[in-house]
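All remarks here apply to the structure that follows.
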2 protein chains.
Amino acid sequence: MSDTSPKRLGKIPSIRRLPRYLKCLEEYDRQGREIISSTEFSKDLKWLPIVVKKDLQIVSPPTKKRTGYDVKGTIKAIERFLAWENPMPTILIGVGHFGMALLRYGKFKGVDFLASFDSDPAKEGLSVGGVSVLPMSGLEGFVRTHAVEIAVLTTPGDCAQAITDDLVRWGVKAIWNFTSKRLSVPDGVFVQREDLSAGLAELTAKIKHIQGVEETSL
Amino acid sequence: MSDTSPKRLGKIPSIRRLPRYLKCLEEYDRQGREIISSTEFSKDLKWLPIVVKKDLQIVSPPTKKRTGYDVKGTIKAIERFLAWENPMPTILIGVGHFGMALLRYGKFKGVDFLASFDSDPAKEGLSVGGVSVLPMSGLEGFVRTHAVEIAVLTTPGDCAQAITDDLVRWGVKAIWNFTSKRLSVPDGVFVQREDLSAGLAELTAKIKHIQGVEETSL
DNA sequence: TAGATTGTTAATCGATTAACAATC
DNA sequence: TAGATTGTTAATCGATTAACAATC
C-alpha cells in the first residue's frame, strides 16, 4: 500500500495502444481465427513485431508455449487489464453536440452510461443513444445511489471545476475531461483530459515543416 | 530536400503542449501583462520551469536578454511555429453529432472551415456554426478550386478510406481522422488520428491499478 | 553588487528497438 | 531436425530533469 507510486501502473504508451489490439483481435475472432502470431498481428497493425510482443506481455503473464497468441484469451486478458470486463458506472454531464456524439457512439467498452445530465430544462427527459437526460438537480442523488465511478465532462469550460468539486465530494473516482479547462482534483482521483488542439498542433506543424522548411535563419 | 527525415520536425511532445502555452499567454495578454517569467508561467501551467524553458526554445530563437518572455512576441512565435498565423483552408466531411460539435466549437486556430459535406440530402443547405453543409457531389470541385489543405473526417468508418483516397488525389495534404479506422495515405500526406478509446484505456487502467492491485499472482 | 532569469550542458529516466536464446 | 515463434536481455534512442554558467 505504501508503494502506491504513480509508476507501478505500467507503460502508458503501451496501455494507450491496447484498444487497437483489442479491436483487431475481435476482428480475428469474428473471422474464426484462434491463434495469431506477433508477426502477422504486427503486419495488420503496422507496428513492429517487437512492439506487439512487448505490449502483450504487460497484459498476460509470459508462457512457455511459443506458438502464437490465443485470440480469445488475449481479448480477455486485455479487457481484464483495462478493467473493461465489468463496465464502470458512468454518467455524462453536458448534453451538447459533443456529449450527444459520445452518447450515440455507444461503442465504448469499459464504461456503462447510466444517465446524462444537462442544465437545459428543454433537454430533460430526452433519450440520447438510449441514455436519458436528467436535470442537474438530480445529480447528487444519482451519483451517490448508483456509486458512479466515472464522469464524462462535456460542459462549457466555465462550470467544469465547480461540477468537478461536487462530483469528487460525492465519490466519483475519475473524470474524462473534454472541456478546455484544466481541472484540480485531490489525490486518488484521476482526470483524463482530451485536448483536441494538441492533435491539431501536431498536424499543422507537420504540414508546415514538411513543406517550406524556411526556418527563421537569424 | 534530401534530408526530409521525419525527425527534423522537433519534439512531438513539446509541440503538443504548445496550444496550452498559447491559451495561457492569451490570458496574460488580456490581463495586460507584457512579460512573463518561466517560473511564474510554470506555476500557472503546473509544469516544471525547465519544461517551459525547453519548450519555448523550439519556437523562438534563444536571446541574450534574460528577463522573462515577451507575452505578445511569444504568442506570435508559437503561432508562427504551428503555422496558425494563416489558418489553412479546411473542410469537414460527415456532419453528424461529432462533426457538428467540431464545427460549432469554432475556436480552433490554424484551420479555416470553408465548408462541410454530408451524404444526407436532408442536411444540404444547413449552416452549422456558420459553415454551410454541401452535398458530396460537390466535393471534388470544392477541394480543387479552394485548394483545400486539411480535411476533417467525421464520417462512419466504412467510407473513410475511400473518401481519403479521393481527397488525396485531389490535393488534400492532411487528414484529421476522427473515424475508428486507420487510414493509408501516400508519403507527404499526414493523418492525425484522434483515438478516444486510448484515453479511456488510460483512465480505466489507472483507476483499476490504484484501487485493487490484485494482480494475477501466478 | 545581488537577485532573478534564461540558456546550455550533462545526467537521468523511460520507451523503443535489436539480437538472440529458449521453446514448440 | 528445421523452421517459426515467443521471451529475455541488452542497446539505442529520445524526452525529461538537474545543475550551473551567462546575463540582465
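In what follows, every chain begins at residue 1, and chains take the letters A, B, ... in the order their sequences are listed.
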Any chance CD of B/Glu34 has more than 12 other-residue heavy atoms, nucleotides or ligands included, within less than 6.0 Å? no
Any B/Leu92 side-chain heavy atom under 4.5 Å of B/Val131 side chain: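 Sidechains of B/Val131 and B/Leu92: no contact.
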What is the distance, rounded to the nearest whole Å, between atom [atom1] of [X] and atom [atom2] of [N]?
X	N	atom1	atom2	answer
A/Lys11	D/dG14	NZ	C1'	15 Å
A/Lys64	C/dA21	NZ	P	19 Å
A/Lys65	C/dC24	NZ	P	10 Å

After noting the C-alpha distance and the side-chain angles of B/Met88 and A/Ile207, does the key distance pass the side-chain contact (heavy atoms from CB on, under 4.5 Å) rule? CA-CA 10 Å; B/Met88 300 185 187; A/Ile207 296 177; 3.8 Å; yes
Output side-chain donor-acceptor pairs under 3.5 Å for residues 148-158 of chain B, partner residues at least two apart or in another chain, one line each.
residue  : atom : partner : partner atom : Å
B/Thr154 : OG1  : B/Ile93 : O            : 3.1
B/Thr154 : OG1  : B/Gly94 : O            : 2.6

Those residues of residues 27-57 of chain A lying under 4.0 Å from DNA chain C by at least one heavy atom: A/Leu48, A/Ile50, A/Val51, A/Lys54
Close approaches to DNA chain C from residues 190-198 of chain B, in residue order (heavy atom, under 4.0 Å):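 Nucleic-acid contacts, sorted: none.
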Scan the side chains in residues 98-113 of chain B for donor-acceptor partners under 3.5 Å anywhere in the protein, sequence neighbours excluded, and list what turns up.
residue  : atom : partner : partner atom : Å
B/Arg104 : NE   : A/His97 : NE2          : 3.3
B/Lys109 : NZ   : B/Glu26 : OE2          : 2.4
B/Lys109 : NZ   : B/Glu79 : OE2          : 2.7

List for me each residue that meets side chain to side chain donor-acceptor pair (under 3.5 Å) alongside A/Thr39, sequence neighbours excluded, and say none if there are none.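 For A/Thr39, the residues satisfying side chain to side chain donor-acceptor pair (under 3.5 Å) (neighbours in sequence not counted) are A/Ser37.
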B/Thr204: what forms a side chain to side chain donor-acceptor pair (under 3.5 Å) with it, not counting sequence neighbours?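 Here the qualifying residues are A/Trp84.
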How are the rings of B/Phe142 and B/His146 set to each other: parallel, tilted or perpendicular (split at 30° and 60°)?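 Rings of B/Phe142 and B/His146: parallel, under 30°.
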Can you pull out the residues from residues 66-76 of chain A that lie within a 4.0 Å heavy-atom distance of DNA chain D? A/Arg66, A/Gly68, A/Tyr69
Return no unless some side-chain N or O of B/Arg17 is found under 4.0 Å from OP1 or OP2 of D/dT16.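 Checking D/dT16 against B/Arg17, a side-chain N or O does come within under 4.0 Å of OP1 or OP2.
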Determine, using ring centers only, whether A/His209 and B/Phe190 are less than 6.0 Å apart. no
Can you run down the salt bridge (Lys or Arg N to Asp or Glu O under 4.0 Å) pairs that involve residues 37-47 of chain A, sequence neighbours left out, and say none if there aren't any?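 Counting only pairs at least two positions apart or across chains, the salt bridge (Lys or Arg N to Asp or Glu O under 4.0 Å) contacts touching residues 37-47 of chain A are A/Arg33-A/Glu40.
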Which residue pairs pass the salt bridge (Lys or Arg N to Asp or Glu O under 4.0 Å) test when at least one of the two sits in residues 182-207 of chain A, sequence neighbours left out? A/Asp195-B/Arg20, A/Glu202-A/Lys206, A/Glu202-B/Arg16
If you look only at distance, which donor and acceptor atoms sit under 3.5 Å apart when one is on a side chain in residues 48-57 of chain B and the other is two or more places apart or in another chain?
residue : atom : partner : partner atom : Å
B/Asp55 : OD1  : B/Ser14 : OG           : 2.7
B/Asp55 : OD1  : B/Arg17 : NH2          : 3.2
B/Asp55 : OD2  : B/Arg17 : NE           : 2.6
B/Asp55 : OD2  : B/Arg17 : NH2          : 3.4
B/Asp55 : OD2  : B/Tyr21 : OH           : 2.6

Reading 5' to 3' and counting Watson-Crick or G-U wobble pairs with both distances under 3.5 Å, write the dot-bracket notation for DNA chain D, | for bases paired outside the strand. ..||||||||||||||||||||||
State which residues pass salt bridge (charged side-chain N to carboxylate O under 4.0 Å, His left out) with B/Asp165; sequence neighbours excluded, sorted by chain then number. none
